[in-house]
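Working notes, structure below.
Values below: every heavy atom of this structure, side chains too, minus hydrogens, waters and symmetry copies. By convention in this document, chain letters (A, B, ...) are assigned in the order of the sequence lines, proteins followed by strands, and residues within each chain are numbered from 1.
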Protein chains: 2
Amino acid sequence: MGSGSSFEKMRQSLQQFAALGESDWLLIKQQLEPRSFKKGDLFVKEGQLCTSIGFLNSGIARVYYLADGKEITSYFNAGNRNMFVCSFSSFLSRKPSFENVHFLEDSELLLLSYNGLQELYEKSPAIQKLGRLMAEYNYVLSMERIYSLQHLPAIERYHAMLKTYPGLMNQVPHHYIASYLGITPESLSRIRKEAARKEK
Amino acid sequence: MGSGSSFEKMRQSLQQFAALGESDWLLIKQQLEPRSFKKGDLFVKEGQLCTSIGFLNSGIARVYYLADGKEITSYFNAGNRNMFVCSFSSFLSRKPSFENVHFLEDSELLLLSYNGLQELYEKSPAIQKLGRLMAEYNYVLSMERIYSLQHLPAIERYHAMLKTYPGLMNQVPHHYIASYLGITPESLSRIRKEAARKEK
DNA sequence: ATAATTTCTTATCATACATCAATGCAGGGC
DNA sequence: GCCCTGCATTGATGTATGATAAGAAATTAT
C-alpha cells in the first residue's frame with residue numbers, strides 16, 4: 001500500500017475523463033502532495049479560503065455548512081468513489097468558504113494547490129481540457145441533483161442515495177445523511193421503517 | 001440593429017469570464033450562425049440530440065421536460081441575461097435530450113455547433129480555458145440553486161426568482177414559473193396573494 | 001464496568017404545500 | 001358580437017414532513 005498505488009488510482013480516475021499522456025501526468029504528479037487525516041479532522045474551515053483540492057484515496061469526507069444553527073450536508077465523498085474533495089465554490093470562486101469539510105474516517109488525500117493547478121492549466125492544454133470536462137461533468141451531475149430535489153419525494157431520494165453511496169448508511173451517522181437528503185433525522189427514521197416494512 | 005451589435009453583445013458576455021484576444025474572438029465569430037425563432041418555436045426537442053448551443057440575443061427561452069405527464073421548467077433564459085441556451089445535459093453528454101427548449105417570444109440566437117466548439121477548443125487554449133471557466137461558473141450557480149431548493153420555503157424561492165428574472169412574472173404564463181419553483185400554480189397564486197398583502 | 005454522551009427511534013401535534021373542484025377572466029376564432 | 005379554450009384564482013380537504021419532546025440504543029469516555 002505504498003504511495004505509488006495511490007497515485008495510480010488517481011491517474012485511473014482522471015483517465016475516465018480524457019486520455020492523459022505520460023508527460024502531462026508527470027506534470028500533475030509533481031504538484032501532488034500526499035497527506036493523511038485523522039477521523040474528525042477538518043480539511044476546510046468555514047470563513048477560510050479553500051486553497052487546495054484533494055483527491056480522496058481512502059476514507060470518507062463530508063462537506064457541510066451551518067444554516068439556522070443546523071448542519072446541512074452538501075455531499076459526501078468516499079474513497080471508493082475516487083473523486084476530489086474540497087469546498088468547490090470557495091476553491092473556484094476564490095472566496096472564503098461557507099462550508100466545512102471534515103473526515104468521518106481516517107483518510108488519505110493527494111493535495112493539489114490552486115496555484116499549482118493554474119500552473120498546470122497554463123502549461124498543458126490537455127490538462128486544461130481535463131479541467132473543463134470535469135467541470136462539465138459535475139455541472140451535469142448537479143443538474144440531476146436539482147431534478148431529484150425538486151420532484152422526487154424523500155423516499156425516492158433515499159433510494160437514490162443508497163445507490164450513489166452504497167454502504168454509507170452503515171458508515172456514517174444517519175443525521176448527516178438526513179441533512180444531505182434535505183429532511184430531518186426523524187423523517188429519515190420513518191422512511192427507513194417504511195422501506196423495511198416493504199422489504200418483507 | 002444589425003447583426004454587428006449582436007455579435008458584440010456576445011463578445012461582452014464572454015469577456016466577463018476571461019480576456020479574449022482579437023484573434024480568438026475572430027475564430028469564434030466564424031463559427032457563429034445567426035438564427036431567428038418565432039414565439040412558440042422549438043429549439044431542442046425531447047429525444048433528439050442537442051447539437052448546438054445558442055447565445056440568446058433577444059427574446060425569452062424556456063427549458064422544460066415532462067414528468068408524470070406534467071411539464072417541469074428547468075430554467076428560463078431572457079435576452080437581457082445574455083447567456084447561452086440549450087439542453088446542456090444533452091449537449092455536454094452527447095445523449096438524446098430529455099428536455100425541450102422553446103421560445104416564449106420571438107428570439108434571436110447566435111448558434112455554435114458542437115463540432116464547431118470542439119474545433120475551437122482544439123485550436124485555442126484561451127477558448128478552452130473560457131469553456132472551463134464557464135462550466136465552473138455554472139456549476140457554482142447550480143450548487144446555489146440546490147441550496148435554495150433544499151432549504152428555502154417556496155415564498156423565499158419566489159422572491160429569489162423575482163431577483164433572478166426581473167419582469168418575468170409579466171412576460172410568461174405563471175404556471176411555467178410555478179413549475180420552475182417546484183410548486184403548483186395554485187400555490188404560486190396564494191404566495192403572490194400573500195406577498196401583495198404584505199406590500200401594503 | 002459504569003457513567004456520560006451521542007445517536008436513533010417513536011409519538012404527538014403543527015404546518016406548508018398538494019390535490020381536487022368550482023368559479024372568474026381574458027384572448028382568439030367564428 | 002359570442003363562444004370556446006386555456007389560465008388564474010379561491011376554497012375545502014388531504015398528506016408528507018417539520019417541530020418538539022421523551023425514551024431506547026449505541027458509542028465513547030472515565
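Distance from the side chain of A:S187 is smallest for D:dG18 among the nucleotides D:dT20, D:dT10, D:dG18. Checked against C:dT7, D:dT17, C:dC17, the side chain of A:P173 finds its nearest nucleotide in C:dT7. The listed nucleotides are D:dT9, D:dA19, C:dC17; the one nearest the side chain of B:S189 is D:dT9. Taking only side-chain atoms of B:H175, from C-beta outward, the nucleotide of D:dT17, D:dA21, D:dC7 with the closest atom is D:dC7. In this structure, the nucleotide among D:dA8, D:dT17, D:dG18 sitting nearest to the side chain of B:H174 is D:dA8. Among D:dG18, C:dA11, D:dT28, the nucleotide with an atom closest to any side-chain atom of A:K39 is D:dT28. When distances are taken from the side chain of B:R157 to each of C:dA11, D:dG11, C:dC17, the shortest belongs to C:dC17. Closest to the side chain of A:T184, out of C:dC17, D:dG11, D:dA19, is D:dA19.
For A:Y180 and A:Y64, the distance between ring centers is not under 6.0 angstrom.
Rounded to an integer number of Å, the gap from CD of A:E194 to P of C:dT9 is 14 Å. A straight line from CG of B:N170 to P of D:dA8 spans 12 Å, rounded to a whole angstrom. Atom CD1 in A:I191 sits roughly 15 Å away from atom C1' in C:dT10 (whole-Å rounding). Rounded to an integer number of Å, the gap from CZ of A:R190 to C1' of D:dA16 is 8 Å.
Regarding contacts with the backbone of D:dG18, every side-chain N or O of A:K70 stays at 4.0 angstrom or more from both OP1 and OP2.
You won't find any donor-acceptor pair under 3.5 Å spanning the side chain of B:R192 and the base of D:dT10, going by distance alone.
Applying the side-chain hydrogen bond (donor to acceptor under 3.5 Å, both in side chains) test to residues at least two apart or on different chains, the pairs with a partner in residues 134-145 of chain B are A:S142-B:S142, B:R132-B:E136.
Using modelled atom types, one finds a donor on one side chain and an acceptor on the other under 3.5 Å when comparing A:S74 with A:E99.
No donor-acceptor distance shorter than 3.5 angstrom exists from the side chain of B:S187 to the backbone of B:I183, with no hydrogens or angles considered.
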